[in-house]
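Worksheet: the structure to be examined is printed underneath.
The basis for the numbers below is simple: all heavy atoms, side chains too, and nothing from hydrogens, waters or symmetry mates.
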Protein chains: 2
Amino acid sequence: MGGAAPSATTGGFALIGNMVSHDETRSEDAPAQPPVRPTLKTIARLAGLGVTTVSRALHDAPDIGEETKARVRRLAESLGYQPNRAGVRLRTGRSHVIALVLATEAEELGINSQLIYGISEALSSSTYQLVVMLHDPSADPLGPVRNIVEAGAADGILFARIEPDDARVRFLTERGVPFATHGRTSMGIVHPYFDFDNEAYAESAVRRLASLGRRRLALVGPPPHLAYARHMATGFCRGISALGLEKVSVEGIDTDSPHERIQAEVQRLMQRADRPDGIVSGGAVAALSVTAGAEAAGLVLGSDFDVVVKESSDLFRKFRPAIETAREDFRAAGRWLAQAIVGRIEGTVDADTHFLDVPRIEVSETMEERMAAGGIR
Amino acid sequence: MGGAAPSATTGGFALIGNMVSHDETRSEDAPAQPPVRPTLKTIARLAGLGVTTVSRALHDAPDIGEETKARVRRLAESLGYQPNRAGVRLRTGRSHVIALVLATEAEELGINSQLIYGISEALSSSTYQLVVMLHDPSADPLGPVRNIVEAGAADGILFARIEPDDARVRFLTERGVPFATHGRTSMGIVHPYFDFDNEAYAESAVRRLASLGRRRLALVGPPPHLAYARHMATGFCRGISALGLEKVSVEGIDTDSPHERIQAEVQRLMQRADRPDGIVSGGAVAALSVTAGAEAAGLVLGSDFDVVVKESSDLFRKFRPAIETAREDFRAAGRWLAQAIVGRIEGTVDADTHFLDVPRIEVSETMEERMAAGGIR
DNA sequence: TAAGGCTACTGTAACGTTACAGGAAAGAAT
DNA sequence: ATTCTTTCCTGTAACGTTACAGTAGCCTTA
């Protein structure tokens, strides 16, 4: 592990001295009595049965008597028996682990927490555990995915930030390892995925801006190497042509660009004669930078221009109600993905399961008021 | 697993039909050739050595010849040998798992992602894996912590949202299970922790507001059951009395309260004759609600009142530069905690290791400009 | 009465690893 | 020539689980 580690004595940071003089706070009665965990053997001994019988009883096998099963179950319950994961894993080769591989790149305001909450929530009633790993996509494109497969570290893998032609999807399909993704490729490989319909989002965002009287629109989309960048661009262009609007191109920035870059580019754009009067943003953080840029150009949100954004928290409602939002629920996505991957592992879900989340632009209160008060500008 | 699961055929959601007609995209050549993972036995056979020797060679045991070690290592390397976690775990009783227990409560803008990134980052070069579990604190206060211990699911446990008298800290100390926390109790039990100095934060926030000419201050602190609520209150009061300022009490809300509640309470407060002119917020999301409430009362940020906030992202710099911030780095906290818990497990770090993160209020550009332009109002 | 077929249970082996108790070979000391 | 040391390696057993091949006892069926 790199970086400064807590040292054995006081640590390399600005550490504070001992607060208590004793080494252990309470250690007078028992030095260490690790309460031995019950195993199948424990139960077998107590029930006067063979270990195999106990195992099969707990698995509700058909060749064990009903009364015996009940007795074994009661005993296991009262002892607080929990199967030893290592034993099961060693014997069956199944780890009961789901790996979530996260990119280390700039993150959109806690979407990964939400994803993790959803996955954990769905897994909490199962025997599966969630392990989280970091992936630096600038290094090996396969990254931890290859490692997980080669080390047999998980029964199934989840990941996001899918590319149109994704090396991980190809690799895992070849290896026959169960996986599910947030986002979809354009490779034609069948696998479970959850995706937000970014094409529909962008198109309805355009329609929304048009209904506000906006005619010249720009898109700040996701990084172009990601699959959903295309979807969003497609929807955006479709909306533009369907409504006969004008498209203003934005160059060199995406929703992952640093604040300063986005702000500067938008400011430059907004100072042009043919400046856009409506902007569709692919992400919440970028929308802030966009707004800051437009305001730096002397324009007023809701009067000189409008912004529609896709967000996962309800942050904008709190402080920028004039920005219209489409909500993407990452917690629900996490739940779905967890169930899909477990289903794939256990063979109860088809490979072609997928879910396309339909976006709905939420009209903000302020906007409602605006329209009630004065109609569309 | 509760909730709607992806069904075996097409799923219970708004699913879309098959995109590809074939069952598997490529399965013409080999039906399934799971490339058998090498074990110690594989290496032993190839090297003409005993399994024990290979194991000891890879562990760099002193009683193995240097040349043999080198040979074994080369062989292991070339085969891509990775020790089987289940075998190791079964034999040694060590899971090489660190559990992170997260509360399901309202989260401050992705701090848990940052924590997870930090932990994963630090663990990525070790043999430890991070598993994440959810904890509903309204249910069993011990929650998954007890489960982890009873199931032997992890070698060490990390958690946050510490209470002054924390049942989990007591339980784990009694059981002798290694753990480390983000936040500290007031129980006098010695254990590793990382904490942000919220007392110092609140005091310097007060000083900052005073230097802006603010005289009547209010605190919107964390939920009172959490340990750091006391720290923050202490620092706040200390600052107030040291500078001879006035304290305006805020009733019934904390940083976890819903937006509407905070906004309404702050609005009410700001309409009183003895309204505060400076507010210290314990969290970024709450600060938005606070500002919204004050603005709803017709007041102007930076002119009628100022806000100082503790945040973990640099969100405020992007859209509310007039709000002063102290940065709390959760990713660094995660790194520290990971190293501390591994150190505890392996016995290389003392139980009293801890780190108190010193807060620094970052003076925003706008504020600098404000002061350069007109001095303190 | 014997053969066949159930029902309900059991022992053995193996998954991959490491602790432990050895032990052979070679050199050093007596 | 014998004993002791040191060096380097090995076999066995065990962790907890489950697949598999059995088996004892009993009840049918011919």
Which label fits B/His182 and B/Phe194: parallel for a plane angle under 30°, tilted from 30 to 60°, or perpendicular past 60°? parallel

Return the value, rounded to whole Å, for the distance between atom CG of A/Leu49 and atom P of D/dT17. 15 Å

Map B/Leu90 and B/Arg56 onto DNA chain C by nearest heavy atom, then report which one ends up closer to the 5' terminus. B/Leu90

Nearest to side-chain heavy atoms of B/Leu40, which nucleotide of C/dG16, C/dT18, D/dT17: C/dT18

Would you mind checking if B/Lys69 and B/Glu66 are paired as a salt bridge, meaning a charged N to carboxylate O distance below 4.0 Å? yes

Of the candidate nucleotides D/dC20, C/dG16, C/dC9, which contains the atom at the shortest distance from the side chain of A/Thr52? D/dC20

side-chain contact (heavy atoms from CB on, under 4.5 Å) assessment of B/Arg175 paired with B/Arg170: CA-CA 9 Å; B/Arg175 294 299 201 98; B/Arg170 197 178 302 285; over 6 Å; no

Please figure out whether B/Val51 or A/Arg71 has its closest DNA chain C nucleotide nearer the 5' end. A/Arg71

Within less than 4.0 Å of OP1 or OP2 of C/dC9, is there a side-chain N or O belonging to A/Thr68? yes

To the nearest angstrom, the NZ-P distance between B/Lys41 and C/dC15 comes to 5 Å

Check the angle between the aromatic planes of B/Phe179 and B/Phe159 and answer parallel, tilted or perpendicular using the 30° and 60° thresholds. parallel

Look at the side chain of A/Asp63 and decide which nucleotide, out of C/dA8, D/dT18, D/dC9, has an atom nearest to it. C/dA8

Mapping B/Gly87 and B/Pro62 onto DNA chain D by nearest heavy atom, which one lands closer to the 5' end? B/Pro62

By the 4.0 Å heavy-atom rule, please label B/Gly48 as base, sugar-phosphate, or nothing. sugar-phosphate

Measure from CG on B/Asn84 to P on C/dG16 and round the result to the nearest Å. 6 Å

Quick check: any donor-acceptor pair below 3.5 Å linking the side-chain of A/Arg91 to the base of D/dT18? yes

Where the side chain of A/Thr92 is defined as all heavy atoms beyond and including C-beta, which of C/dT18, C/dC15, D/dT18 is the nearest nucleotide? D/dT18

Does OP1 or OP2 of C/dT10 have a side-chain N or O of A/Thr53 closer than 4.0 Å? yes

